[in-house]
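Below: one structure, written as structure tokens.
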Amino acid sequence: MEPLPETPEQPIVTPSPILTESKVFEYREKLKLEQRLFPGIAGGAGAAIIGAILWAVITVVTNYQIGYMAVGVGFLVGISVRYFGKGIDPVFGIIGASLALIGCLLGNVLTMLALGAQAENISFIDVLLYANYSLIPDAMMETFSPMDVLFYGIAIYEGYKFSFRVITDEEVLQNS
């Protein structure tokens, strides 16, 4: 009697999980419970201040205002809001966009104050303490450039885009 020929083993195929509306809804509800609005705001505000300070320092050191600093501020703020806030709702994007704009404006104000201190040969702290802040809106208008609109717009967009999580189908399937 001859041995039977060996047949190759067929791989066992397991059915892939199916993404359903209820799984997506359940996962979104789980993530909503993890959202933290105040830490998101605080983290974004801190990032806006740090970004503004970096903006001013780089501008004063290079004696050149680099529009890309606004892009960096928007990115930094957005990532910080997302990290600290763990948000999935659009309100986190609105917070990120708003804080990104504030960070850009603050960067310009700090730059003007630092350049003023340098021009008058006085300390930056003295300028912070004794500046006539009612003149800032006029100074901002004086130094405004159409390119500012572009870079502020990009910063606002990045602040919004990076501030909240986008849930992927794969993530829902892995966590359900």
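- Leu99 and Ile41 get closest at one heavy-atom pair: CD1-O, 3.7 Å.
- At a threshold of 4.5 Å between non-hydrogen side-chain atoms, the residues Asp138 and Met141 do not count as touching.
- Atoms CD1 and CD1, from Ile156 and Ile94 in turn, are 12.5 Å apart once rounded to the nearest 0.5 Å.
- Nearest heavy atoms, Tyr133 versus Leu113: CE2-CD1, 4.1 Å.
- Inter-residue side-chain proximity for Glu34 and Leu31 is flagged as met; some heavy-atom pair is nearer than 4.5 Å.
- In terms of modelled atom types and a separation under 3.5 Å, the side chain of Lys161 and the main chain of Gly78 share no donor-acceptor contact.
- By the criterion of side-chain heavy atoms lying less than 4.5 angstrom apart, applied directly or through intervening Ile, Leu, Val, Met, Phe, Trp or Tyr residues, Leu135 is not grouped with Leu115; the two fall into different hydrophobic clusters.
- The minimum heavy-atom distance between Val71 and Phe151, with the atom names listed, is CG2-CD2, 4.0 Å.
- With a 4.5 Å cut-off on side-chain heavy atoms, Pro90 and Tyr160 count as touching.
- Environment of CZ in Phe25: sparse, with no more than 12 heavy atoms of neighbouring residues, nucleotides or ligands closer than 6.0 Å.
- Two residues are said to be in side-chain contact when any heavy atoms from C-beta on lie closer than 4.5 Å; Leu105 and Tyr152 meet this criterion.
- In this structure, Met69 CE and Ile58 CD1 are separated by 3.5 Å, a value rounded to the nearest 0.5 Å.
- In the displayed structure, Tyr83 atom OH is contacted under 6.0 Å by at most 12 heavy atoms of other residues, nucleotides or ligands.
- Within the 3.5 Å criterion, the main-chain N or O of Ile88 finds a donor-acceptor partner in the side chain of Gln35.
- Taking CZ of Phe92 as the start and CZ of Phe84 as the end, the distance is 13.5 Å to the nearest 0.5 Å.
- Heavy-atom minimum distance, Ala52 versus Val73: N-CG2, 4.4 Å.
- Ile50 CD1 to Leu106 CG: the interatomic distance, rounded to the nearest 0.5 Å, is 12.0 Å.
- For Arg36 (side chain) and Lys86 (main-chain N/O), no donor-acceptor pair under 3.5 Å exists by modelled atom type.
- Counting heavy atoms from C-beta on, the side chains of Tyr68 and Ile154 never come closer than 4.5 Å.
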Derivation of the side-chain contact (heavy atoms from CB on, under 4.5 Å) call for Glu21 and Val24: CA-CA 5 Å; Glu21 280 187 46; Val24 172; 5.7 Å; no
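- Under the 4.5 Å side-chain heavy-atom criterion for grouping Ile, Leu, Val, Met, Phe, Trp and Tyr, Met112 is connected to Val57 within one hydrophobic cluster.
- Between Gln65 and the options Thr111, Thr143, Asp148, Asn108, a side-chain hydrogen bond (donor to acceptor under 3.5 Å, both in side chains) holds for only Asn108.
- Ile66 has its side chain out of reach of Trp55: every pair of non-hydrogen atoms, C-beta onward, lies at least 4.5 Å apart.
- Using a 4.5 Å cut-off on side-chain heavy atoms (C-beta onward), Val127 and Gln118 make no contact.
- Note: the hydrophobic cluster containing Val109 also contains Tyr64 (ILVMFWY, side chain heavy atoms under 4.5 Å, direct or indirect links).
- Taken together through direct or relayed side-chain contacts under 4.5 Å among Ile, Leu, Val, Met, Phe, Trp and Tyr, Leu110 and Ile136 form part of one hydrophobic cluster.
- Remark: Gln174 CD to Tyr27 OH distance equals 8.5 Å, nearest 0.5 Å.
- Inter-residue side-chain proximity for Glu26 and Glu29 is flagged as unmet; no heavy-atom pair is nearer than 4.5 Å.
- The shortest heavy-atom contact between Ala56 and Gly107 is CB-O, 4.2 Å.
- Looking at every heavy atom in both residues, Ala70 comes nearest to Ala155 through O-CB, 3.1 Å.
- Ser123 and Asp126 share a donor-acceptor pair across their side chains, judged by distance under 3.5 Å alone.
- Panel note: side chain Asn132, backbone Ser134; a donor-acceptor pair is recorded below 3.5 Å.
- Neither Met147 nor Phe144 shares a network with the other; the hydrophobic side chains, linked directly or stepwise wherever heavy atoms of I, L, V, M, F, W or Y lie under 4.5 Å apart, form separate groups for each.
- Separation of atoms CZ (Phe124) and CD1 (Ile122) is listed at 11.0 Å; rounding is to 0.5 Å.
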